[in-house]
Amino acid sequence: MTDGTTSTTYPPSEEFAAQANITTADFDAAAADRVGFWADRSRELLDWEVPFTETLDWSNPPFARWFADGKLNVAANCLDRHVTAGLGDRVAIHFEGEPGDTRTLTYSQLTTEVKKAANALASLGVTQGDRVAIYMPMIPETVIAMLACARLGAPHSVVFGGFSSDALRSRIQDAEARVVITADGGFRRGKPSSLKPAVDTALSAGDTPVEHVVVVKRTGEDVDWTEGRDTWWSDLVDSQSEEHQPQAFEAENPLFILYTSGTTGKPKGILHTSGGYLTQAAFSMRATFDLKPETDVFWCTADVGWVTGHSYIVYGPLASGATQVIYEGTPDTPDQGRWWQVVEKYGVTILYTAPTAIRTCMKWGDDIPAQYDLSSLRLLGSVGEPINPEAWTWYRRVIGGDTCPVVDTWWQTETGAHMIAPMPGVLGTKPGSSQRPIPGISVKVVDDEGRELGPDEPGLLVIDEPWPSMLRGVYGDPERFKETYWSRFDGVYFAGDGARYDQDGDIWFLGRVDDVMNVSGHRLSTTEIESSLVAHDAVAEAAVVGAADETSGQAVYAFVILRAGAQQSEDMEQTLRAHVGADIGAIAKPKRVFIVDELPKTRSGKIVRRLLKDLAEDKGIGDASTLADQSVMEVIHRQVTGS
Ligand code: PRX
């Protein structure tokens, strides 16, 4: 089944197909005139203050400009225009806090809050082009803060709340943010989990340009206060005027920077701009999710700290005028039925989550979701890593009542929005495959020489035509942008993923082909974790691999050589795990750290990680013929297995 050649497909029901937003006519239109197709979508889905006359400028690749002579305000497209259209009373956000507190914000109320927050930021001197760092839990103020930045034309840089103070500091420094918006903390697994102390630590050395820290009160826990720098959100925002005139900015005005792991140690600041990004985010809501904003209740379970939260909690749903659920906490607090209780309570119709969460719920058992009424659901989405057919089928059967289409969406921080996913009213969905590019997107599977491959030949995924929501660069580093994505093959975007077509022409993803790991749908770099380990006093050398894991997709395994004189103690493994957790964030903590005497290296000194991955996956010693000293693997194997 997993070989992708002979799996069942689930055609949409006649009823679903009859009402679907996307039909084969959309594919035909996009095939006939791809660029014109996007121009039409952009005019149809967005309000342009100054209409664009040129759709795509690709005269200086890889630097694309979409809709460049048009002007719009992204926040006004997500808010004001819905109110003007008479939809002010529609619920924009049903917020469900982890402790059970709730808040409902209509489009009118959300618009007012964003206007006040924009006035507040402006009062701190934030203006077009200024970067604002956002380090927040999953609460409405996070969305409000992002939209307030967008309204002012000031790019935000959201840093996931699970990242350490060091990770936060380096991102603040790279983006040169002058303002940080944070909270005292959020609720996580039934307890307050603090955020403000990490901001204080990040800023303590005084080596960032931050002048203001705005703090939302969420948990009510005590926080340290730096007079003159720190302000409570409520003190700053509540008294602001509810009037704020949105200014129209150029389509290519930067909207946000979002850091993601690459193959080298330092995370890259992926830069997205306004008009093209919003066009594709909104289009994919309509296309992949078949969104009907009048009746659907959408729920994306991602954290706003990742790109999925940017595109499918903030910009996609709100530009579409959708009603959505935002949930603060974990799926098992207070019990393993929490998500399904939320679906029942709000009548969620479209659910978007990650394979790792689906596998976890699968492990908890069918009887838990069976206790809730999930009949409101009509479409299910998956994102973040390949979904194994078993999890896909369980998701459809147990959560989707065997009727909901399951759309497996492939995309990346860099692509901004969905790129490959079945259009649910057009194509039968197939367990484990992301299937086809969405209308207007062109991709290929190629070999190492860039030659296109046929069915069943594993190769590399490339995107061979520019797309509206493509990254516009790596912040402050145009060379790295060219080198990372555009140098492997001439003129096409190299995604870093292995892929294969099956006999039906559907695409199957085979995982990353570089040193990027995917743990619970989160992107981590082997090099970044290795750098963190060798920065510890006790460590001389480190090699990190992502090995297959039943629940999280991949898990981090580290192999470490200690410095001469460092104590080889029992808790060294825990010490090093904790060190990485503190240095990067809990998500980066290795599952195991093996202390070894040697690492497998080629004659030229390159570590052969493939062999360590085999060991971590219990596959024994693989082909060690390229090693300078083949006996090394025997020694490591004995040390790892304790035999
Ligand atoms: O390897 C692919 C995997 O996640 C990578 C992108 O990670 P990130 O930028 O953090 O964005 C995650 C959310 C969009 C890709 O290079 N990936 C993402 N979705 C899928 C996937 N792999 C297979 N199937 C997917 N549906």
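Start at 1 and go down the list; that is how both ligands and their atoms are numbered.
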Requested in this report: Among all protein heavy atoms, pick the one closest to atom 13 (C) of ligand 1 and tell me residue, atom and distance.
Outcome: Thr308 OG1, 3.4 Å
Query raised in the report: Quick one: do Glu385 and Arg512 make a salt bridge, cutoff under 4.0 Å?
Result: no
Report task. Say whether Thr260, considering both its backbone and side-chain N or O atoms, lies within less than 3.5 Å of an N or O atom on ligand 1. Result -> no
Query raised in the report: Is the distance between the ring centroids of Trp392 and Tyr10 less than 6.0 Å?
Result: yes
Report task. Enumerate the atoms of ligand 1 whose separation from the nearest heavy atom of Val383 is less than 4.0 angstrom. Result -> 13 (C), 14 (C)
Requested in this report: Please find out if less than 6.0 Å separates the ring center of Trp467 from that of Tyr493.
Outcome: yes
Query raised in the report: In the protein, which heavy atom is nearest to atom 25 (C) of ligand 1, and how far is it?
Result: Glu385 O, 3.5 Å
Query - For Tyr352, all residues meeting side-chain hydrogen bond (donor to acceptor under 3.5 Å, both in side chains), sequence neighbours excluded - result: Thr409, Trp411, His418
Requested in this report: Under 4.0 Å from a heavy atom of Phe509: give me the atoms of ligand 1 that qualify, with their elements.
Outcome: 23 (C)
Report task. Return the residue, atom name and 0.1 Å-rounded distance of the protein heavy atom closest to atom 19 (N) of ligand 1. Result -> Gly384 N, 3.1 Å
**Report entry** Phe283/Trp38 aromatic ring centres below 6.0 Å
**Finding:** yes
Requested in this report: May I ask you to check whether Tyr315 and His310 place their ring centers less than 6.0 Å from one another?
Outcome: no
Requested in this report: Give the residue and atom name of whichever protein heavy atom lies nearest to atom 1 (O) of ligand 1, and the separation in Å to one decimal.
Outcome: Asp497 OD2, 2.8 Å
Query raised in the report: Can you check whether Phe509 and Trp410 have ring centres sitting under 6.0 Å from each other?
Result: yes
**Report entry** Residues which pass side-chain contact (heavy atoms from CB on, under 4.5 Å) with Thr403, listed by chain and number, not counting sequence neighbours
**Finding:** none
Query raised in the report: Counting heavy atoms only, which of His310, Arg523, His522 is nearest atom 8 (P) of ligand 1?
Result: Arg523
Query raised in the report: What about Gln412: any of its N or O atoms under 3.5 Å from an N or O on ligand 1?
Result: yes
Query raised in the report: Does Tyr475 have its ring centroid less than 6.0 Å away from the ring centroid of Phe481?
Result: no
**Report entry** Heavy-atom nearest neighbour of atom 9 (O) of ligand 1 within options Ile507, Thr413, Thr415
**Finding:** Thr413
Requested in this report: Measure Arg512 to ligand 1 on non-hydrogen atoms and call it side chain, backbone, both or neither using the 4.0 Å cut-off.
Outcome: side chain
Report task. For the pair Arg451 and Glu449, find out whether any cationic side-chain nitrogen is under 4.0 Å from an anionic carboxylate oxygen. Result -> no
Query raised in the report: For Gly496, is the nearest heavy atom under 4.0 Å from an atom of ligand 1?
Result: no
Query raised in the report: How does Asn518 reach ligand 1, if at all, at less than 4.0 Å between non-hydrogen atoms: by side chain, backbone, both, or neither?
Result: side chain
Query - Identity and distance of the protein heavy atom lying nearest atom 23 (C) of ligand 1 - result: Pro386 N, 3.1 Å
**Report entry** Atom indices of ligand 1 within 4.0 angstrom of Asp408 heavy atoms, with elements
**Finding:** 25 (C), 26 (N)
